[in-house]
Participant: 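Got a structure for you, questions after.
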Amino acid sequence: MATELAKQYDPKEAQQRWLHFWNENKFFHSDPDANRKPFTIVIPPPNVTGALHMGHALNNTLQDVLIRWRRMQGYNALWMPGTDHAGIATQAMVERRLAEDEKKTRHDVDRDELVRRIWQWKDQYEKRIIGQLRELGCSCDWERLRFTLDPMCARAVRQTFFQMFKDGLIFRGKRLVNWDTHLQTSVADDETYTEDTKSGFWTFKYQVRGGPGASATGEFIRFSTTRPETMLGDTAVCVHPSDERYKHLIGKTVTIPLVHREIPIIADGLLADPTLGTGCVKVTPAHDPNDYACSQRNPQIGIINILNPDGTINENGGKYKGLDRYKAREAVVADMEALGLFEGKEERIIPLKYSDRSKTPIEPYLSDQWFVKMGDLPAAGGEAPNATPPAANGGLARMAMEAVENGQVKFFPERYKNSYLDWLAEKRDWCISRQLWWGHRIPVWVMMDAAKGSLDEIKARLGRLKELRTKYAQVLVVNTAETEAAKAVGPHGQELTPFRFLACVAPGAEDVERELEAIGFVQDPDVLDTWFSSMLWPHSTLGWPEKTSELAYYYPTNVLVTSRDIITLWVARMVIAGLYNVGKVPFHHVYIHSKILDGFGEGMSKSKGNGIDPLDIIDRYGTDALRFIMVHLSTETQDSKMPVANVCPHCDTLVPVKQEHLSMRTRKVTCPNCKKPFRPGGPWPAADPELPTAKQASDRFDQGRNFANKLWNAARFLLLNLEGYRPGAIRPEELPIEDRWILSRLATTTAAVTEMLEGYKFSEAIRHIYEFTWSEFCDWYVEMSKGRLRDEAGRGTVQRVLVGVLDAILRLVQPVMPFVAESIWQTLNEVAPERSLPLAGIAERSVVIAAWPSFPAAWIDAATEARIARMQELVRNVREVRNRYMVDVKTPLNVSVRCSVSAADDFRALQPFIASLAGVGALHCGPDTTKPRQSATIVHPEFEAYVSLAGLIDPTAEVKRLEKQLAEKVKHLQGTRAKLSNASFVDKAPADVVQQQRDFVVELQNQIQTIESNLKELRHAAQE
RNA sequence: GAUCCCGUGGUCCAGCGGCAACGACGGCCGGUUUACACCCGGGCAACGAUGGUUCGAGUCCAUCCGGGAUCACCA
């Protein structure tokens, strides 16, 4: 009857088997259901280009723990999965491949073709990363898999954009972008890197003029720059307002000799730093972020762009037009020198920004972009109908701040709400356009040159537009506000209505789009920032803007689990979008987990090459081991360091990763054992077909693997002893003390674990489970059960308790270690399908849908726990004595215990356990017990035990040991007495603390007395 | 530069004002009898520095030192 189990748990077999089983049974599928309460989590969608790394493993394990736990609690649990199109990263990957494989740029294929290729790429990599998440055991509802670019999300994006446009929250503005002149595209900050580069540092001077149009004063003003060519686009010279050297020059002007433009000398405390350079700085708003900011503060100076997209100088550069910017630099320097205005050049090392893709220097470049207004809205009125009340008052940022301030959204740990609030408080407008082809195309059509053509043509066009606006008022918004002020002049000198129109079309109105195009509108070529679609994730995945039953049932979701680096980019924006679109926060809780750092305390990243591939860990230690460790290290405070080793692919030696292996691009390590080279492993291996790649390992995961195996073997022990198992009720009051003890501990543990999970204390929860399983159930209860399993009378009961407790352990551990739990559960179901805990009945057909345990508070029995604890103390102490005097376990020891009558009764009742656990032969106990000659003494507050050791003690050595011990005790006693003689301690400390100290003194005195009497005896013996 | 986080045995960590600081890994000693050498028992070993608050500080406050993260910036 006994089902045979292998001696060791085989994670691989279990993983494959149960993933299939769970999937077939649709345990993780959820539909709205009126009888149950929902519990919803949306996954932070991983990037489709990415491979799973440790951060994903941590993030998704924690979500899975929560969702599995709530599912067991009877909630209708939905974990919505999906992936993110991640505009820049994904397009960059495909473009890079295009360049490598076919030596083409995206301009060589066309927009449609590039997008088609990216979709192909996406399908392939989405499959991979979703497969990896499944391997992790994530219990997502895979039937609901979403993608931020799929039709459902696209519709939500269009609807949101349309509404915001209508409400006047989306506007057109200028912004400096990182311009890659080689690829002629803008690149995101995280697609650039900064490298120290040798550069010149030139100093020039301008002649100062008395004021606009006035003549030269004869004075010169000196300034330095690393980019002399930008001088052509300067619109001011700036000094610090309190800089005495230049105060008198403020308001005067200079003329840039090379372009003959007169520009003012202005004061700006934020831009100019008197301690740097000459203290005077040229201002080039179109080509420097700081200067741009300065021009925002001083709009009168203006902005002049001098660059073409290819990095050559444009018509604003006068005679330098057409020159490459570096050629122009040389020319400018030479010309200034010829004019006698060149003061000198130094060589300097400066940090220069490069494009990661073309490896060429970035140029800051001013361009037209779309923005979302975050700050206060202009006074109500105007064209915006303001259909959505939340945005009406303080603007989007304010609205999202309030959701956290008034507790609708709570952060765990709470301190992270500071990052959220601080960032939103800046109310910086959000630039949402990206010069890419992969993403949601901006749904705005532009008519640039409405005023071109004959008067009749213009009239016809404008008339047609007017018709469209009236006819399609519901789905078409035309914004003219931007250019209202700039009246255009028609070909015949007449004043026209604004010459540029921006039309935004609601989703699902393709016919309107075509009609717009027919009268000369062209769709904006840019796409939206990825976060624009990500921010809609909690409601777009549920079907919004349709009023779906899913949206009504699952929204708002319960908790968002993420890492702290996207609190601003993502969390804050989701709150904004949720409130704006649905009128409700997207989630009630935000749990921010720690980060996993490498062995040297640094964050893991692709560029550092210091990641760990979770699949290697799964391969070597099992998924449950990985998950156990992820949960175990999720404490509230610390990020965790994770030292890692490479497993040499030639000889299987573990080669610890050293810091020098990480320095950017170390791609080769030599095995210290077999001296052969290999490539270090990780989630981001470089392409290098020449070398075999190592797998990764880290002994941090031993504990997890060992625990899975421990569970397995505890189950194995039970199954070997379940012959004749009969289900039946368990009533603690009828059970022997050890049973009542383990049930008491189980009830305590279960309550604690539930509470810990409710507070997102993952690490503490798994600690409790681990401790209970290993140190109480396995180490003590299973050992104590062995006698009764052999005994006809007790066997039935103890089997039921063993099965019941194991059942509960499996339920508790399932959220964290589902595979081993299911393996054991299924085996147990074959032998003991009907169990007695927590309720009598047939066990569920899978542990993943089993009920979360909960036990009567009455089972918690402090008196019983104390009695077993006393026995454990005795056993531990006898073991210690045995160890100290090197007594074989096979040699029974005789023990006498002096203790109260009731304690003696307990000890006698527990004698079989004391005998088997500590190898005790005869046990005498009672108040009158005396110390036999030549015995070791165990002193405990409740008893004193003597272990007979005739002939086994070396009196001389023992005297030394006891003297040392005595000295320590005396010292401690003195310290405690001193504390008690301190009047303020006795006065001010709580009574129980004082009493503790008093009890402690008594205890110490007893111990000292015992040691002294033992010493006396031993000294006597030593003399003989 | 601003904000935040963290410094505890050799390594990785717990600790949320009160009996001589919890574990894991490694190293040490010993054992392994009918679940488990991925086992069992035992022992060794630690609060970054200086001040302060308090009867009492690893824990709270300040300063410093060291590490990290985020944001800004370096003419």
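Chain letters run A, B, ... following the sequence lines, proteins first, then strands; residues in each count from 1.
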Participant: Respond yes when some side-chain nitrogen or oxygen of A:K641 is under 4.0 Å from OP1 or OP2 of B:C12, and no when none is.
Facilitator: yes
Participant: Does B:U3 pair with anything, Watson-Crick or G-U wobble, both distances under 3.5 Å, and if so, with which nucleotide?
Facilitator: B:A69
Participant: What parts of residues 780-788 of chain A reach RNA chain B, counting only heavy atoms under 4.0 Å away?
Facilitator: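 Heavy-atom cutoff 4.0 Å gives A:V782, A:E783, A:K786.
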Participant: So, OP1 or OP2 of B:A2: does either fall under 4.0 Å of a side-chain N or O from A:W423?
Facilitator: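 Checking A:W423 against B:A2: no side-chain N or O falls below 4.0 Å of OP1 or OP2.
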Participant: Please check: side-chain N/O of A:N709 versus main-chain N/O of A:Q8, any donor-acceptor pairing under 3.5 Å?
Facilitator: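 No.
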Participant: Show your reasoning for whether side-chain hydrogen bond (donor to acceptor under 3.5 Å, both in side chains) applies to A:D639 and A:S594.
Facilitator: CA-CA 5 Å; A:D639 290 344; A:S594 54; 4.8 Å; no
Participant: Assess the side chains of A:N877 and A:H940: does a donor N or O sit below 3.5 Å from an acceptor N or O?
Facilitator: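 Side chains of A:N877 and A:H940: no pair found under 3.5 Å.
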Participant: Can you build the contact string for nucleotides 19-26 of chain B? Use B for base contact, S for sugar-phosphate-only contact, and - for no protein heavy atom under 4.0 Å.
Facilitator: BB---SS-
Participant: Expressed in whole Å, how much space separates the P atoms belonging to B:C19 and B:U33?
Facilitator: 42 Å
Participant: Is the closest basic N to carboxylate O distance between A:R227 and A:E363 below 4.0 Å?
Facilitator: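 Counted as a salt bridge, because a side-chain N and a carboxylate O are separated by less than 4.0 Å.
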Participant: For the residue pair A:L917 and A:E783, establish whether any side-chain heavy-atom pair is separated by less than 4.5 Å.
Facilitator: yes
Participant: Using both distances under 3.5 Å as the test, list the Watson-Crick or G-U wobble partner of B:A49, or none.
Facilitator: B:U63
Participant: Given B:C36, is OP1 or OP2 found less than 4.0 Å from the side-chain N or O atoms of A:K710?
Facilitator: no
Participant: So A:P289, base contact, sugar-phosphate only, or nothing? Heavy-atom distance under 4.0 Å.
Facilitator: nothing
